[in-house]
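Just so it is clear, the values below take in all heavy atoms, side chains as well, and ignore hydrogens, waters and symmetry mates.
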Amino acid sequence: MTAIEVKDLHKRYGGTRAVDGVSFTVAAGETFGLVGRNGAGKTTTVECLVGLRRPDGGTVRVLGLDPARRRRELAQRVGVQLQESQLPDRLRVAEALRLYAGLHRAPADWRSVMERWGLEPVRNRSFGDLSGGWKQRLQLALALVGAPEVVVLDELTTGLDPVARRDTWELIGDLKASGTTVVLVSHHLDETEALCDRVAVFAAGRIAALGGPAELVERTGSGSLEQACFALMEQARAAAREDAR
């Protein structure tokens with residue numbers, strides 16, 4: 001079963017082609033990675049997936065629905081953690097989880113989510129008083145409190161210490177085991193390699209390569225996914241420069 005289908009997606013900002021003909025599918029229960037340099041088109045693609053941006057061309061379907069037209073309905077089924085998410089400074093951790101749970105028809109037990117993500121020690125602390133790492137943990141918990149079928153995570157472990165980062169990897173493994181579809185945007189290629197079934201390598205608004213981590217390594221003759229992605233991005237940039245001549 002296909003959870004996400006993107007066909008020939010285009011998005012421009014003025015004269016800049018942020019996304020230029022991107023196509024991919026994500027199977028239900030798959031953990032799918034998006035990697036690439038800043039400005040490669042990853043975040044714009046994700047924003048189109050969750051209905052925050054309307055594509056200029058192409059089609060996007062998430063759980064069979066158009067996010068641009070059915071965003072409210074999809075919000076009940078899709079959890080989102082974006083890199084720049086913010087909450088009111090005075091909102092307390094437990095209050096935020098209880099509030100978000102109340103927005104969903106069939107949420108997870110917000111107390112269990114708080115405990116699972118290790119937020120109990122700061123449950124009465126205001127969002128504005130949290131460190132960057134605690135804020136990140138809370139945002140991840142809020143993305144999951146609605147018991148979503150699909151979770152979109154942009155820079156999953158930014159700001160987390162090494163122990164919290166490893167704990168988060170385990171939690172993503174639990175999501176996969178439960179059948180949740182995960183879309184992961186990350187600059188940490190060791191994280192992508194450890195967690196993702198397949199990876200889309202973005203360059204200049206296009207997908208330069210798509211495949212499993214081991215497949216991409218083998219395709220480039222590299223020793224690691226990081227080296228493979230770097231080589232693929234450089235090839236794509238060189239091809240783009242050639243096309244522009």
Side-chain angles (χ1 to χ4, degrees), residues 1-12 17-50 53 55-64 66-67 78 80 83 149-156 169 172-173 175-176 179-243:
M1 178 180 174
T2 299
I4 297 171
E5 185 175 20
V6 178
K7 290 184 179 179
D8 198 28
L9 177 65
H10 288 78
K11 183 66 183 177
R12 298 177 67 102
R17 295 180 181 180
V19 181
D20 188 18
V22 163
S23 299
F24 61 87
T25 61
V26 181
E30 183 177 19
T31 300
F32 187 82
L34 279 66
V35 303
R37 291 185 172 86
N38 289 333
K42 307 182 304 298
T43 295
T44 296
T45 298
V46 162
E47 288 174 344
C48 290
L49 288 181
V50 300
R53 301 279 181 188
D56 295 329
T59 60
V60 178
R61 296 292 182 269
V62 178
L63 300 173
D66 180 350
V78 177
V80 183
Q83 195 172 354
E149 298 167 57
V150 174
V151 181
V152 178
L153 304 171
D154 192 354
E155 296 303 328
L156 171 68
W169 287 16
I172 299 304
L175 285 178
K176 181 175 177 61
T180 304
T181 304
V182 180
V183 176
L184 174 64
V185 182
S186 181
H187 283 116
H188 298 293
L189 292 171
D190 60 333
E191 178 173 280
T192 306
E193 188 167 17
L195 298 176
C196 294
D197 300 303
R198 289 187 304 139
V199 180
V201 182
F202 277 67
R206 300 178 180 179
I207 292 181
L210 194 157
E215 177 187 347
L216 296 179
V217 170
E218 183 178 357
R219 186 185 307 177
T220 58
S222 304
S224 67
L225 182 62
E226 181 175 8
Q227 294 172 347
C229 289
F230 182 78
L232 291 163
M233 287 185 284
E234 286 301 304
Q235 291 171 13
R237 293 180 68 190
R241 289 194 296 267
E242 190 66 28
D243 290 344

*Backbone N or O of Asp8 within a donor-acceptor pair of the Ser23 side chain at under 3.5 Å?*
yes

*If you measure from CZ on Arg61 to CG on Leu49, what distance do you get to the nearest 0.5 Å?*
12.0 Å

*Minimum heavy-atom separation for Leu195 to Trp169, with atom names?*
CD2-O, 3.7 Å

*Any donor and acceptor pair, going by atom type alone, linking the side chain of Ser222 with main-chain N or O of Glu218 inside 3.5 Å?*
no

_Pairwise distance OG1(Thr43) to CD(Glu47) - rounded to 0.5 angstrom_ = 6.5 Å

*Nearest heavy-atom pair of Asp197 and Gly29: which atoms, and what distance?*
OD2-O, 4.4 Å

*Answer yes or no: are there more than 12 heavy-atom neighbours, outside Gln227 itself, under 6.0 Å from its atom CD?*
yes

*Taking all atoms of both residues into account, what is the closest heavy-atom pair of Pro55 and Lys11, and its distance?*
CA-CD, 4.4 Å

_Is it the case that the side chain of Lys42 and the backbone of Gly36 share a donor-acceptor pair, with hydrogens and angles ignored and the cut-off at 3.5 Å?_
yes

*At what distance, to the nearest 0.5 angstrom, does OG1 of Thr192 lie from CG of Leu216?*
11.0 Å

*Between Thr180 (side chain) and Val150 (backbone), is there a donor-acceptor pair under 3.5 Å?*
no

*asked:* Go through it in stages, so that I can follow the logic: the residues are Glu5 and Lys7, the test is side chain to side chain contact (heavy atoms under 4.5 Å, CB included), and I'd like the CA-CA distance, side-chain angles, deciding distance and then a yes or no.
replied: CA-CA 7 Å; Glu5 185 175 20; Lys7 290 184 179 179; 2.9 Å; yes

*Would you say the side chain of Met233 lies within less than 4.5 Å of the side chain of Val201, judging by non-hydrogen atoms?*
yes

*If you look at every heavy atom in Leu189 and Leu225, which pair is closest and at what distance?*
O-CD2, 3.8 Å

_Exceeds 12 heavy-atom contacts within 6.0 angstrom, atom CZ of Phe230_ = no

_Working to the nearest 0.5 angstrom, can you tell me the gap between Glu234 CD and Thr220 OG1?_
13.0 Å

*Under 4.5 Å between any side-chain heavy atoms of Phe202 and Thr45, yes or no?*
yes

*asked:* Can you give me the closest heavy-atom contact between Ala3 and Thr181, atom names plus distance?
replied: CB-OG1, 3.7 Å

*How long is the gap from CG on Leu9 to CZ on Arg53, to the nearest 0.5 Å?*
12.5 Å

_As a test of understanding, state which of Val152, Val26, Val78 forms a side chain to side chain contact (heavy atoms under 4.5 Å, CB included) with Val62._
Val78

*Counting only heavy atoms not in Glu215, do more than 12 fall under 6.0 Å of its CD?*
yes

_Can you tell me how far apart OG1 (Thr44) and CG (Asp20) are? Round to the nearest 0.5 Å._
12.0 Å

*For residues Gly223 and Val217, report the shortest heavy-atom separation together with the two atoms involved.*
C-CG1, 4.4 Å

*Compare all side-chain heavy atoms of Val50 with those of Pro67 and state whether any distance is below 4.5 angstrom.*
no

*More than 12 non-hydrogen atoms from neighbouring residues, nucleotides or ligands closer than 6.0 Å to CZ on Arg17, yes or no?*
no

